[in-house]
Amino acid sequence: MKRLELAALCLLLILVPTAYLNALNRLFPHSDLKFYPGWLDSSFQADVWNLGYDRPVDANMSSENGVLKISAVGNISSGTLVAAQRWIGLDFNMSEFRYLKVSIMTSGITVAARIVIWTDGGKQINVVLLKTYNDKDWHIEILDVIYTLNVLGASTSQLSMIELSWQQVADGSNTTVYYSQLSFNSLENA
Amino acid sequence: MFSEPAKGKDDPPGGQEESLLSRIFPESVRPYASTLLKWAIAGFLIRIVVMPLFAHEDVITNALQTYTLLEKHQIYTFYPPFTYLLFASVYALFCPFLPNILPSGILSNTVFWPVPLIQVLNVSQPGIQTLVFVSKIPMLVFDFALGLLLLHMLDDGKKAVLAFKLWMLCPISIFISYFFGQFDVIPTFFMMLGLYLFKTHRIKWSMLSLGVCAAFKIFGLLFVPALVLVYIGEHRSLASKLKHLILTSGISLIPLFISGIVALIIPLYFEPANMALLGKTEVNGFWGSIYYNRSQVMNPLLTWLTYFGFSTNSNTGVSSTVPYLFVAAYALFLFGVVFWKKWSAESMFMVPLLTFYIFTLAHPQWFFWILPLLILMAAEHRDWFKLYLIFTPLYFVSSVFAQNEHLTSNLLSPTILQAYYWPGPIDLLNNIGVPGNNVINVFYSIFTATLVMYLVLIIKTRIQEPR
């Protein structure tokens, strides 16, 4: 085979896959899947969120510009839990809007963001997310709550309470965790 | 397949300058250059058709981790660093043609859980088939390089051509690389290159090639001890033996050393582990400064070294001291290399691999490593060819079907999203009242017997052949 024929063959071997991929994209079009909120809390009003903690700690909760801030000052021992809890206004179908979506930012690696789902009239308390982050950037977590509750062996009945909280991982001080744009979503074609 | 090429049809006329292609092929197969080209084109077309249609979740996971390197300049350690660097180069080269879904997700720090959600979200995106196609280009390159290497490994031209044809149409290699989307062809190429270099008495280059193999998947180091033992056995003095032992072993470790340096230089990606799921499902990532790999605390820099190790399946239940059967078999093999001098180079690669497969629960893609060797043997002897014909369907029924929908119907999800929810072969058997897992186990047992048969025949027939 001469060099010119070889060059033509190489060109063909590039053109054929390109044409094939274009044809496939037309033959099997993909429609984007999007999350659609069925329940949303973007303001974190103080009258629906309550502050709680498991040991004496100087804790505080506030909301500004759609961001929930849960903090504690002073020395904080490892294992300390500080939580914002919401009991009311949770009447939505969790089987349909099963994808929890929330933005999280922590003050450091010594604290873990913690999300708890209470079901079965409050009898089952399920920690569905417990994570540390090594930066001070926002992180978007999208979690299939029904799948997670099944993995945990928990009831997937009506949501009783949602808890946005943090857990001190190592002794530290002045801990803050921010939450924003909390929603429960369905996943559908765009 | 066994027919003679048409006399004179493919032979270059006397006095005509050799073409470029003919210079790539070894002399023994140059008369068959035209035939080889036709088979190469056929093999290429088969692969091109399959490449964008199918992919396992691992392809998406690998792409996500590679984009983390590209976009955030941080590296995972789930796969060896060389893997991420290679795929990052490919994605960077083809980036104008690739969809933006993965890079934008990485940059926005968005994390999805569980894995089925990640898979469904990504394979539903426009342009996903282009991403899947590009992700397999490295496999395509090394696949054909391996085919070319096979031509150089048999002295008989007709047998070499047969080996090439078998490679072009090898169902298992096509499945693993282009349906499944695993990159085992890359370390396997370097393994075979190591074998070729050893056979042509270039021991140092052989060790280096095996080291590069190990830098992609650690199994490359399996062959080093036996080859080194044979090599130093050719030297008389103890000092010379020691010198060459250190030299050759050291050369094989250079790529791993470089890989380790790369992992130290590039910042590790801090993947947060969801500790709410520890004990319930597999947990990977950092909890504070502690790293978890498959729910076990581990040094993150050692993850890729230990992941591709062997799993033990022997336990007496009486004592905490148990024999690792693969280790015992491997030690027996090394004893055989020391005490029985005449081993062929191929057998020194095949025996460790066969014992590995027999005594561990190997992932389906790990069987890729031995494929070129089985094909070389199939091309050389009709009996080996018959055994290869038995091996191939048994692999699919026992190893692939055992993964149920994960390695069958789900693979089509980049093309037809609903395929992600289709049942697998075990489900179908269970639905008609047949215990699917039991059926698979029966076939896996027969498959293991096939591997044992290979081992027995190799030891019987190869041990007396000159190296």
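Lettering of chains follows the sequences in order, A, B, ..., and the numbering in each one begins at 1. Quick note: numbers below take in every heavy atom, side chains included, and nothing from hydrogens, waters or symmetry partners.
Remark: side-chain polar atoms of B/Asn109 are not paired, donor with acceptor, to backbone N or O of A/Ile140 under 3.5 angstrom. Proximity of a side-chain donor or acceptor of A/Asp58 to a complementary backbone N or O of A/Val73 within less than 3.5 Å is not detected. Side chain of A/Asp41 to backbone of A/Ser43: a donor-acceptor contact under 3.5 angstrom is found.
For a residue to count as touching a neighbouring chain, one of its non-hydrogen atoms must lie under 4.5 Å from one of that chain's; by this rule B/Phe44 touches chain A with the side chain only. Of the atoms belonging to B/Ile48, heavy atoms from both backbone and side chain fall under 4.5 Å from chain A. For A/Tyr133, the parts lying near chain B are the backbone and the side chain together; criterion is any non-hydrogen pair under 4.5 Å. With a 4.5 Å cut-off on non-hydrogen atoms, B/Leu417 touches chain A through its side chain but not through its backbone.
Comparing A/Asn189, A/Thr132, A/Val169 by heavy-atom pairs within less than 4.5 Å of chain B, the highest count is held by A/Thr132. Contacts with chain A were tallied for B/Val49, B/Ile41, B/Val123; B/Val49 has the most, counting heavy-atom pairs under 4.5 Å. Listed options A/Thr148, A/Leu143, A/Asn134 were ranked by heavy-atom pairs under 4.5 angstrom with chain B; first place goes to A/Asn134. Contact count versus chain B (heavy atoms, under 4.5 Å) is highest, among A/Asp144, A/Ile115, A/Val16, for A/Asp144. Of the residues considered (B/Ile416, B/Leu53, B/Thr281, B/Leu278), B/Leu53 shows the highest number of contacts with chain A, using heavy-atom pairs under 4.5 Å. If you tally non-hydrogen atom pairs under 4.5 Å between each of A/Leu187, A/Ile109, A/Asp135, A/Val116 and chain B, the highest count goes to A/Ile109.
Summarising the geometry, atom CG belonging to A/Leu149 is positioned 8.5 Å from atom CD belonging to A/Gln124; distances are rounded to the nearest 0.5 Å.
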message: Show, in sequence, the C-alpha distance, side-chain angles and deciding distance for A/Phe44 and A/Tyr179, and conclude whether the ring-ring contact (aromatic ring centres under 6.0 Å, His included) test is met.
response: CA-CA 9 Å; A/Phe44 301 100; A/Tyr179 290 92; 7.8 Å; no
field: Stepwise side-chain hydrogen bond (donor to acceptor under 3.5 Å, both in side chains) test for B/Asp143 and B/Trp167
entry: CA-CA 9 Å; B/Asp143 191 352; B/Trp167 185 250; 2.7 Å; yes
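A donor atom on one side chain and an acceptor atom on the other are not found under 3.5 Å apart for A/Ser77 and A/Gln168.
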